[in-house]
Asker: 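Supplied in structure tokens, the structure appears directly below.
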Amino acid sequence: MSTAKPYGFTTTILHNDRQKEIEHGSPHKPIHSSVTYGYKNARELADVFQGKQAGYRYGRQGNPTVAALEDKISKMEDGIASLCFATGMAAIGAVFQGLLRQGDHIISSRFLFGNTNSVWQTCAEQGIQLSLVDATNVAEVAAAITPATRMVFVETIANPRTQIADLKRIGELCQQHGILYVVDNTMTSPYLFRPKAVGAGLVVNSLTKSIAGHGNVLGGALTDTGLFDWASYPHIASNFRKLASAQQGMAQLRAKALRDFGASISPDAAHQIAVGAETLALRMQRESENALELARLLQADPRVAVVHYPGLESHPQHALASELFRAYGALLSFELKPEIDCFDYLNHLKLAINATHLGDTRTLVIPVAHTIFFEMGPERRAEMGIVDSLIRVSVGIEDTEDLLQDFANALNQFD
Ligand SMILES: *Cc1c(COP(=O)(O)O)cnc(C)c1O
């Protein structure tokens, strides 16, 4: 007897809800808006509360529509369980609230999403030691490890300069030391890369970005890959110690972070994200193709000083990206020659929208030093390699010719 080959990425997502009990044959899990759940008798209700019987208690810590999305994210990431939140930042906040305590030490990439950088500053103010390192170099991570190190946190492709963490070797290092390895996979999405492949224990995704994909809904998720031994983690509360090691991390995160801090995703948002996720692979392919063409066009233009895109051979981690990622993603950034003002250039774009946000179907552009990285100040920007003229592009799914023409036309204003 031959075993059937597992379905591919998109087929799995499209048909996942139907693998479970479905109401009226609906191919989508319906939006369950109930906040509370009634049981036949008080004994059953008590059993649900005591974890002896599966079931929902209250909308803040679980909902059937949200559970259907969590299951899809686990499939996408090849994880054992996922937990959804109102936003990506709520998911990152949950790591802090649920797993870190005063006196702990964490190592994080220095090239970070701006708000994550701000969360780490808050951690530091609350008694958690922080080492910010250049995570493209595993030696810097290794040198920062102390006996109190609980966690290494990196992003896959850093925004906006597209540095790629030394994902595989950091994974090996964390495994040797028994340290929890947390990878923010937002920029690659589980279609381009699964952090489990490099040993991550927890994966973060902002669902707002590529997974939902249309710039119309907020959400975040944590996925447990099953690789981390939670029984060895010092801060698991005694009531979760009774569970199997594999369940302890998520049980604690669901209670201590999601339930207690309450950044729950709404069932409507979960439904919208699940619909968006059906086309994740198609959009990531198209965005990656468009981004590579645009990066090549910009790189060949004499008015452009430098282009940062992992798909270019000139990118310092091009080989690593080619080895680990299915394509190079939608994020690129570039610097114009000093004589061209980046605001003047952006004002000549007709299609690309001046807006923050990433992983949208529409192409978005932003002068990063003056906007999303303004608050952190010039010194920290210099450390992150963010010059004043840097323009970030989140490449959309427009027809390639239209997109290239828009950027080329704007450049042609500066002959
Ligand atoms: C956007 C983003 C987040 C935060 O996600 P929100 O859904 O906007 O809260 C976290 N990490 C990365 C890498 C992001 O790009």
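Read the numbers this way: they start at 1 and go in the same order the structure lists the ligands and their atoms.
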Asker: Report yes or no: do S314 and Y309 form a side-chain donor-acceptor pair below 3.5 Å?
Answerer: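 Not at all, the side chains of S314 and Y309 share no donor-acceptor pair under 3.5 Å.
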
Asker: Are a donor atom and an acceptor atom from the side chains of T162 and H315 found within less than 3.5 Å of each other?
Answerer: yes

Asker: For residues F240 and W230, establish whether the separation of their ring centroids is below 6.0 Å.
Answerer: no

Asker: Would you call the rings of Y56 and Y37 parallel, tilted or perpendicular, where under 30° means parallel and over 60° means perpendicular?
Answerer: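 Ring orientation of Y56 relative to Y37: tilted.
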
Asker: Should the pair Y191 and F9 be assigned to parallel (<30°), tilted (30 to 60°) or perpendicular (>60°) ring geometry?
Answerer: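 Answer is perpendicular, since the angle exceeds 60°.
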
Asker: Using a cut-off of under 3.5 Å, which N/O atoms of ligand 1 pair up with protein N/O atoms, and what distance separates each pair?
Answerer:
from, atom 1, to, atom 2, distance (Å)
ligand 1, 5 (O), S206, OG, 3.0
ligand 1, 7 (O), G88, N, 2.8
ligand 1, 7 (O), S206, OG, 2.8
ligand 1, 7 (O), T208, OG1, 2.6
ligand 1, 9 (O), G88, N, 3.0
ligand 1, 9 (O), M89, N, 2.8
ligand 1, 11 (N), D184, OD2, 2.7
ligand 1, 15 (O), K209, NZ, 2.7

Asker: Can you tell which of T87, N115, T116 makes a side chain to side chain contact (heavy atoms under 4.5 Å, CB included) with I92?
Answerer: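 Only one of T87, N115, T116 forms a side chain to side chain contact (heavy atoms under 4.5 Å, CB included) with I92, namely T116.
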
